[in-house]
Amino acid sequence: MVKTCLIKIKETIDYKLLFQVAEDLVKGALVGMPTETVYGLAANALLAEAVSRIFTVKGRPQDNPLIVHFYDKNQLLELIDDLPENFTLLYQAFCPGPLTMIIPKAKDLPSVVTSGLETMAVRFPSQRTARALIKLAKVPVVAPSGNLSGRPSPTRASHMLDDLEGKIEYILDDGPSDLGVESTVLDLCSDPPLILRPGVISKEDIVRKTGLKVDYCPDIFLAAEENQAAIRQDEKVDLDFKPRSPGQKYRHYAPKAKLLIARGKDEKERVDYILARADQLAGKNIGFFGSELTYQLLKDKLAAFALEGKIAAIEASHLYPGPANTAAATHELFFALRFLDAQDVDIILAEELGQGDYKTAYMNRLERAAKEE
Ligand code: TXA
Ligand code: MG
């Protein structure tokens, strides 16, 4: 057990205090670090023992490599001789910001960082505390999302406390993450460059701003296809969820409850989709995540259904104002999964949002969280 020190970052950053944290980080401490995407678990990338500890405390599979975070391009150039093709174009368009680029590995980087791969993932976060910490530490910093492996990524300091208190030295609380979903991962070692993980910087943004031809790696749509196939083969989505022991069955971003995606192109279709499954939902504790507008429609229709004894009321909900919209849904998704889990619901209903631009990132996380595996 280590004592976890929670530090609230004030409106004006206390650099003296942050300098102490940076010094400890350089020596091997693990630090919960806010970024513009989600909170990360930071360690000195050049210290193999500190990096190994990250895998241990998160329960992360050894074959899942980490992202190395830098203050800027000059700091990266202390580790490598040349920048790969297309790097500068992308850097100028999107960095600092939520873009991770896969490039050839620097030889001085411990192999535990890249899980033995010949490539490394690099990112330049824009969040002020992350930037200040990396600048003061003067070392590259690895930072996977700061959750226990398989759980939803943390978008609040409190989520990191829930998962890692007593296992890491510091958590820096700089309020809710701006975006709520992890960075776009773009592989520059393939031709054309491939998006390995969709994020707020979309394929469309990259094409628009750089003129580069990029593609999605087909893997990112697999979970969606499996979920859709399960639904097509009748309502074989198994709603009898039993709690799983951690790591036994690995669902990414997974809440403990079963997640059911309310599919449809608009609020009305999504509500009808839920009502069409009333028999399967009967007798369960239900949680809802989505827009106020959809919730209102659902509640109105549920009143009639409840009279027929088909569906219980919604036990708990996490809503954002107005109609369904991508920025709000993305910002709140991981918060909602954790919040509704804490209310001990059996099933979480969450709204589909379609594809294109950063809807693709939202849907990718949702499909993975809903995946039966
Ligand atoms: O927004 C983010 O990227 C957050 C914040 C904290 O920066 N970090 C994050 O890290 O999401 P993590 O470890 O949860 O996800 C890193 C992803 C994984 O899917 C990993 O497999 C992939 O990046 N990755 C890392 N190095 C790679 C490499 N050399 N080749 C291919 N994929 C790599
Ligand atoms: Mg992660």
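Small disclaimer: the values here were computed from a predicted structure and weren't measured. The first residue of the sequence shown is numbered 1, and numbering continues consecutively from there. Counting starts at 1 for both ligands and their atoms, in listed order.
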When you compare the side chains of D357 and S202, does any donor N or O come within less than 3.5 Å of an acceptor on the partner? yes
R123 contact mode with ligand 1 (heavy-atom cut-off under 4.0 Å): side chain
Strictly under 2.8 Å, is any N, O or S atom of S149 next to the Mg ion (ligand 2)? no
Intermediate values then yes/no, ring pair (Phe, Tyr, Trp, His ring centres under 6.0 Å), Y216 and F221: CA-CA 9 Å; Y216 284 118; F221 299 111; 5.4 Å; yes
Report, in ascending order of atom number, the atoms of ligand 1 lying under 4.0 Å from any heavy atom of T37. 1 (O), 2 (C), 4 (C), 5 (C)
Protein heavy atom at shortest distance from atom 29 (N) of ligand 1: T119 OG1, 3.0 Å
Are F335 and H318 an aromatic pair, judged by ring center distance below 6.0 Å? yes
Contact atoms of ligand 1, heavy-atom distance to A121 under 4.0 Å: 25 (C), 26 (N), 27 (C)
Run the ring-centre check on F124 versus Y91 and record whether the distance is less than 6.0 Å. yes
For atom 21 (O) of ligand 1, the protein heavy atom that lies nearest, with its residue and separation: N64 OD1, 2.7 Å
May I ask whether R60 has any heavy atom positioned less than 4.0 angstrom from an atom of ligand 1? yes
Which ligand 1 atoms are under 4.0 Å away from a heavy-atom of A143? 6 (C), 8 (N), 10 (O)
Please identify which atoms of ligand 1 are closer than 4.0 Å to at least one heavy atom of S183. 1 (O), 2 (C), 3 (O)
Atom 7 (O) of ligand 1 has as its nearest protein heavy atom H69 NE2, 2.7 Å
Close aromatic pair by centroid cut-off 6.0 Å: F19 and Y15: no
Path from L297 to L349 over hydrophobic side-chain contacts below 4.5 Å: yes
Check ion pair D72-R131 (N to O, under 4.0 angstrom): no
What protein heavy atom sits nearest atom 15 (O) of ligand 1, and how far away is it? R197 NH1, 3.0 Å
Closest to atom 25 (C) of ligand 1 by heavy-atom distance, out of P104, P65, G199, is P65
Is Y39 close to ligand 1, meaning an N/O of one under 3.5 Å from an N/O of the other? no
Here the atoms of ligand 1 under 4.0 Å from any heavy atom belonging to E182 are 1 (O), 2 (C), 11 (O)
Give the residue, atom name and distance (to 0.1 Å) of the protein heavy atom nearest atom 9 (C) of ligand 1. S145 N, 3.6 Å
Is there side-chain contact between D187 and P193, with at least one heavy-atom pair below 4.5 Å? no
Does R156 make a cation-pi contact with Y39, if we ask for NZ or CZ under 6.0 Å from the ring centre and within 45° of the axis? no
Which ligand 1 atoms, with their elements, are less than 4.0 angstrom from a heavy-atom of P144? 10 (O), 12 (P), 13 (O)
Check if T114 has a non-hydrogen atom at a distance under 4.0 Å from any atom of ligand 1. no
Of all the atoms in ligand 1, which lie at a distance below 4.0 Å from a heavy atom belonging to I102? 27 (C), 28 (C), 30 (N), 31 (C), 32 (N), 33 (C)
Side chain to side chain donor-acceptor pair (under 3.5 Å), that's the test. Do E182 and S153 meet it? Break it down for me. CA-CA 8 Å; E182 307 86 344; S153 296; 2.5 Å; yes
Examine the side chains of E165 and T4 and answer whether a donor and an acceptor come within less than 3.5 Å of each other. no
So the atoms of ligand 1 within less than 4.0 Å of a heavy atom of G40 turn out to be 6 (C)
Exactly one of L99, L186, T100 should register a side-chain contact (heavy atoms from CB on, under 4.5 Å) with I201. Which one does? L99
